[in-house]
Amino acid sequence: MRRRVTSGLALGAAVLLAVAACGSDDSPASDGGGSGGGGGGGNLTIGFDNEPPDLDPILSSRISSDRHLLNAFFDTLIRQERNGEFVPALAESWESDESSVTFTLRDDVTFHDGTPFDADAVVVNLDRARDDDSGSVKAAGLGSIDGVTAVDEHTVRLDLNRTDPLLFVNLAHEAGMMGSPAAIETDAEGFGRAPVGTGPFVFDSWRTNATLTASANEDYWRTDADGESLPKLDGLTVRFITDPSTLRTELQTGGVDMVRVLPPEEFTQLADNPDITIEDVGLRRSYYMTLNATRPPFDDPAIREAVAMAVDRDAIGRAAAGDEFDLAPSFAVEGDWFYDGDITPPELDPAGAHDILESAGLLGTEITIVARNRQPDPMIAELLQAQLGEAGFSVQVEPLEAETQLSRMREKDFDAGILVIDVPRLDPSLSFDPYFTTDAPNNWSGVQDEELDRLLTDAVATDDQDARAEDYIAVQQRVIDENYWVFLYQPRNPLNRRSNVEGIALDVDGQWRLDEAYLAE
Amino acid sequence: MSSENSTLPDAGAAGAAAAEGVSRPVLRRLLRDRRFLAGAAVVIFIVLGSALGPLFRDAMTTPDTDTLMSGPSAAHPFGTDELGRDILARVVGGSVVILQVAAVAVGISLVAGTALGLLAGYRGGWVDAVLMRVVDGLMAFPLLVLALTIVAALGPGLRNALIAIAVVLTPRFARVVRAEVLSLRSREWVSAARIVGVPSRAVMLRHLLPHLSGTLLVFAALQLSTAAMAEASLSFLGLGIQPPDSSWGAMVASGVTRLETNWAMAVFPGLALLLTIAAFNLLADALRDALDAHGPEEV
């Protein structure tokens, strides 16, 4: 409560009043969300660390976090369940052949602004998502679509130019989210700050760095397995809080009901609290160190190998995550269809690494590690500084703001960089392509490896999962053999919530679907 | 010419006392002052401790993932931090940094500020106008905001933090010195020196400067604590000395987020900081009373 009031003061009296009003939302009983709305499941308050600048699905570039919120406002033609299966959503059914997919749409859906959902709306949305000029960052994902045609009011046909194993994955997530054509036409620029979709929640308000609120969509089309109307919640309040220990305290005191990400250092403190449930749902964060292969000393594979030999991954994991981590060969998580436990990095051998440096005449070589100025990254950097120091490097650590670090790495003005991604992603191509293909935007190491390019292209040219798995395992083996990257450790990324929050459904990559969620009494 | 001092008692007891060095009565007054003794004891202790700093360098910088965040014990009297490093060793290591920054930054700004203040006060006219407007400009910013801006421009690190602190302290010295010079320069002995043809530089250095030393001594002692606080603040924000070297500010920063897990991480460096700054302040107070210089108004 104190925190709310403090931030309110900073924003002025008017805001303070609004904030105080939000405060009362904490207790579900005090706010019914309007007479007809919701299922009386209360108002869910979420602590969210990674505020998106915008909630326009086709502009969303933070693929590991924006969809937590986008899912509340938007639906897709088809939905992908946690187990990977595609099920009907706004499309009741579909038929596909070599060169086209035809969707039959539901006829009982309207957007939040009253615009009916029909075939024309699908055409508008998919054409917009496929159009680079609209600023869409999802166009590449829909590149196999040649054209979108409204066959009749409730039938849409997509003409395809190739086999694309990712088409349905993309259609089931951001790229296929349906926004109100009327709202987009009126104000395309402002659409992302006041999203209008068909989803379970209707957007109410958004104050940057403070809160976003939404209330139940009374006319939501979806029902649960028992035929009960959804959503069950009366409304959502998202509080944007970046500091992990503040998030943990808020969760402890009931200031928020659920938190997107807590580092192990914070969530382990909640382990014995009966009011809080920390549930491992198979999500991991994958920390890695990328080596700049475009300049000395790491343009030499032997020196990169020395680095891999000098890094004690287990010690880093223990220091940063206690017991709450796994060691993985790459971005793959045990249980993924492209996981291979036999891929192993070089054995830990600091003395051997020292010998390699000595015989190369590189003892005392100065290298710079760039890390984000947010725990645990600087701490990992300090450990690496000590470990690589032991092998004979002279290591400088630079803790930087996120944007500064990324631009330094894009300009290849670094030797080693520490970063993290959330895994699993929707598809392995989303985990590997952006980092290891020659022209990829996030090819930090500056890898130009024909073998990798070939494997990664192969892997998206077929929809045979076994063949794809083979390609991706070969990719991982190659990255490890060449030691472009050192995969450090994978801390658990559990679902952190008050124990009375129930019914959270998850996407393949663990992002929330809240239509069936509710607060138990 | 120095005999003029005795014939002109209104030149100020402080100036007179300081001009002769710290005279015996002053010393006696200091030694009877409990604040001075306490402050001096703490400072001597810290100086001795920091002299041992290099011996602890290994314990200070080498992580040990087998003893993460342990509480105080026989092997680690202050416990260990998030990387298993000995907190006592790191506190000792941090004392080197804070003393270094405080002494060097205050030293630089003392010299630079005195030079500027003398020049502005003695010359007057446009020199004074220009210099003082610049000083006003710099002093319009809150101290830490200006220091942060400078470090942001130069990049983090010990040397840049030092430069930033010296830059923000210099105008303070300049203003204090100028005010003193203005009140001294119309005195007969200054006019006399000028009339008999003593060059300006000699007037400033040989006649004016000695009269300033008491004020400067007290003011510099006061600024030591300001500089120490500024260093701690900068490194709290990650802009001071970089890892693996330790500084108290950075230790407190990483400790506050872990207060519930290991209180020792924030408490010991915080305590060290508190003691050091208190000691500097006690020394300054005692010096001021002993020299009977009413410290310059806080500017």
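Proteins come first, then strands; the chains are lettered A, B, ... in the order of their sequence lines, and each starts at number 1.
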Closest non-hydrogen contact found for B:Leu68 with A:Arg318 is CD1-O, 3.5 Å
Exceeds 12 heavy-atom contacts within 6.0 angstrom, atom CD of A:Glu279: yes
Step by step, work out the side-chain contact (heavy atoms from CB on, under 4.5 Å) result for B:Leu83 and A:Met379. CA-CA 8 Å; B:Leu83 295 178; A:Met379 170 174 166; 3.4 Å; yes
With a 4.5 angstrom heavy-atom cut-off, is it the side chain or the backbone of A:Gln387 that approaches chain B, or both, or neither? neither
Using a cut-off of 6.0 Å, state whether more than 12 heavy atoms not belonging to A:Gln252 lie near its atom CD. yes
Derivation of the side-chain contact (heavy atoms from CB on, under 4.5 Å) call for A:Glu382 and B:Thr61: CA-CA 9 Å; A:Glu382 278 189 61; B:Thr61 57; over 6 Å; no
Nearest heavy-atom contact between B:Thr257 and A:Glu266 is O-OE2, 4.2 Å
Sort out for me which of A:Glu265, A:Gln396, A:Gln269 touches chain B most, counting heavy-atom pairs under 4.5 Å. A:Glu265
Heavy atoms of other groups near A:Arg410 CZ, more than 12 under 6.0 Å: yes
Go through it in stages, so that I can follow the logic: the residues are A:Leu383 and B:Thr65, the test is side-chain contact (heavy atoms from CB on, under 4.5 Å), and I'd like the CA-CA distance, side-chain angles, deciding distance and then a yes or no. CA-CA 9 Å; A:Leu383 282 168; B:Thr65 48; 4.1 Å; yes
Flag the one option from A:Ala319, A:Ala386, A:Pro244 with the top tally of heavy-atom pairs under 4.5 Å to chain B. A:Ala319
Report yes if some heavy atom in the side chain of A:Arg248 is under 4.5 Å from a heavy atom in the side chain of B:Glu260; otherwise report no. yes
Quick one: are B:Pro156 and A:Glu398 in side-chain contact, heavy atoms under 4.5 Å? no
How about B:Met69: does its CE atom have over 12 heavy atoms from other parts shown lying under 6.0 Å from it? yes
Counting heavy-atom pairs under 4.5 angstrom with chain B, the leader among A:Pro376, A:Ala315, A:Gly322, A:Ala381 is A:Ala315
Per-residue contact mode, B:Glu82 against chain A (heavy atom under 4.5 angstrom): both
